[in-house]
Amino acid sequence: MNDRVELFRGNRIFLSCVYWAFVLYVFVPLILMVLMGFKDSKFIGFPIRSWTLEWYTGVFADAEVLSTFGYSVAIAVLSTLISVIVGTWIAVLLEGRKFTGRGVTFGLTVLPALVPGIISAIAFRIYARYLGIEPGMGAIVWAHAVHNVPFVVLVVMARLSTLPKSQIEAARDLGADPLIAFARITLPYLVPAILGASIFCLLLSFDDFVRSFFLGGYEPTLPVLIFAKLRSGMSPEINAIATVALILTAVIGVWAERFTRRMNKES
């Protein structure tokens, strides 16, 4: 018995060390990035002899950065709306129904999430040129939406699998047609999943660099702008821009997680 206790304690200590090593591996670079944004110098690196807020105030005073940020948000919102509508429709079609080609349909739906980003971006660029779609906002929204649909489908299908079928059957017995039953029973039940998938797709689109780079026009998204600035050398300005974007995405992610958890409890 004592040997088992000692073995369990040893495994627990080992797993704790692995966990904290992973935490340090992930968060130390982020902390260093934030700190470098406060350095009173044009070059990043230690030691930090003096501190300043100049780089962070400059982010909010830079018209190019603000314009690019708004452009990225607009792309993320539009692509999320499209992916949520299409993804929810496909999930409702696939979940709980048996038809010829269901497996093939599901496989083709999740395929964009499995294809490597660089290959996906090249394929979208070639196909956009074949369709006559000019590089720019429309092409980026299209590529982001296609890439995000699989995540919406998987999240909504997982939620649909827990929907009590008796509620839909009761609504049908009371005279509700399929559309009314979906609007009053299924859709309200899917709201937490749809909201969670929307936030995930929003952040995924906002941070997408590869597809935005290959399909973008003259106006860059925020990740592309940061990459362009990196080509001229690393500076605290880039750290400040990245930190502001990191804080905004983290706040939205935490809020969405808590809001979705509360809605799941209420439902």
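Just so you know, these numbers come straight off a predicted model, no measurement behind them.
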Check: Val34 and Ile247: side-chain contact (heavy atoms from CB on, under 4.5 Å), yes or no, with the steps?
Finding: CA-CA 10 Å; Val34 175; Ile247 292 174; over 6 Å; no
Notebook entry, point to check: With sequence neighbours excluded, what pairs up with Ile238 under the side-chain contact (heavy atoms from CB on, under 4.5 Å) test?
Noted result: Ile226, Lys229, Leu230, Met234, Ser235
Next item on the list: For His147, check side chain to side chain donor-acceptor pair (under 3.5 Å) against everything at least two apart and list the hits.
Entry: Arg211
Next item on the list: For residues Tyr56 and Asn239, determine if any side-chain heavy atom of one lies less than 4.5 Å from a side-chain heavy atom of the other.
Entry: no
Item checked: Shared-cluster residues of Leu111, by chain and number - hydrophobic side chains joined below 4.5 Å -> Val115, Ile118, Ile119, Ile122, Ile126, Phe209, Val210, Phe213, Phe214, Val224, Phe227
Next item on the list: Begin from the C-alpha positions of Leu215 and Arg125 and carry the test side-chain contact (heavy atoms from CB on, under 4.5 Å) through to its verdict.
Entry: CA-CA 6 Å; Leu215 294 166; Arg125 181 61 186 250; 4.1 Å; yes
Item checked: Minimum side-chain heavy-atom gap Leu222-Ile241 below 4.5 Å -> yes
Notebook entry, point to check: Side-chain contact, heavy-atom cut-off 4.5 Å: Tyr71 with Leu225?
Noted result: no
Notebook entry, point to check: How would you list, by chain and number, every residue that makes a side-chain contact (heavy atoms from CB on, under 4.5 Å) with Asp207, sequence neighbours excluded?
Noted result: Thr249
Margin query: Suppose the criterion is side-chain hydrogen bond (donor to acceptor under 3.5 Å, both in side chains): which pairs have a residue in residues 20-29, not counting sequence neighbours?
Written below: none
Note to self: Holding to side chain to side chain donor-acceptor pair (under 3.5 Å), I want the full list of residues that pass it with Ser161, two or more places apart in sequence or in another chain.
What the structure shows: none
Margin query: Please say yes or no: joined through hydrophobic side-chain contacts below 4.5 Å, possibly via intermediate residues, are Leu94 and Ile85 part of one cluster?
Written below: no
Notebook entry, point to check: Same cluster for Met33 and Val23 if Ile/Leu/Val/Met/Phe/Trp/Tyr side chains link at under 4.5 Å?
Noted result: yes
Next item on the list: Determine whether Val146 and Leu108 fall in the same hydrophobic cluster, where Ile, Leu, Val, Met, Phe, Trp and Tyr are linked whenever their side-chain heavy atoms lie under 4.5 Å apart.
Entry: no
Margin query: Test of understanding: with side chain to side chain donor-acceptor pair (under 3.5 Å), list the residues that count as partners of Ser198, not counting sequence neighbours.
Written below: none
Item checked: N/O donor-acceptor pair under 3.5 Å between Tyr189 side chain and Thr162 backbone -> yes
Item checked: Rounded distance (nearest 0.5 Å) linking atom CG of Leu190 with atom CG of Leu160 -> 4.5 Å
Checklist line | Gap between atom CG of Leu93 and atom OG1 of Thr109 - 0.5 Å precision | finding: 8.5 Å
Next item on the list: Check side-chain contact (heavy atoms from CB on, under 4.5 Å) between Trp51 and all other residues, then give those that pass, not counting sequence neighbours.
Entry: Leu35, Phe38, Ile48
Note to self: Is the shortest side-chain heavy-atom distance between Ser205 and Ile75 below 4.5 Å?
What the structure shows: yes
Notebook entry, point to check: Can you list the residues that meet the side chain to side chain donor-acceptor pair (under 3.5 Å) rule with Ser212, with sequence neighbours excluded?
Noted result: His144
Margin query: Would Val86 and Val152 count as a side-chain contact (heavy atoms from CB on, under 4.5 Å) here? Give the steps.
Written below: CA-CA 9 Å; Val86 175; Val152 179; over 6 Å; no
Notebook entry, point to check: Do Val244 and Trp55 belong to the same hydrophobic cluster, where Ile, Leu, Val, Met, Phe, Trp and Tyr are linked whenever their side-chain heavy atoms lie under 4.5 Å apart, directly or via other members?
Noted result: no
Notebook entry, point to check: How many angstroms lie between atom CG of Asp62 and atom CD of Glu237, to the nearest 0.5 angstrom?
Noted result: 6.5 Å
Checklist line | Remaining members of hydrophobic cluster (4.5 Å side-chain criterion), Leu204 | finding: Phe151, Phe200
Next item on the list: Could you tell me which residues satisfy ring-ring contact (aromatic ring centres under 6.0 Å, His included) with Phe69, sequence neighbours excluded, listed by chain and number?
Entry: Phe206
Next item on the list: Could I get the full list of side-chain contact (heavy atoms from CB on, under 4.5 Å) partners for Val155, not counting sequence neighbours?
Entry: Ala193, Ala197
Item checked: Least distance between heavy atoms, Pro188 atom then Pro192 atom -> O-CD, 4.0 Å
Check: Hey, quick one: are Met36 and Val28 part of the same hydrophobic cluster, counting side-chain heavy atoms closer than 4.5 Å, chains of contacts allowed?
Finding: yes
Notebook entry, point to check: Is there a side-chain contact between Phe22 and Val26, using heavy atoms and a 4.5 Å cut-off?
Noted result: yes
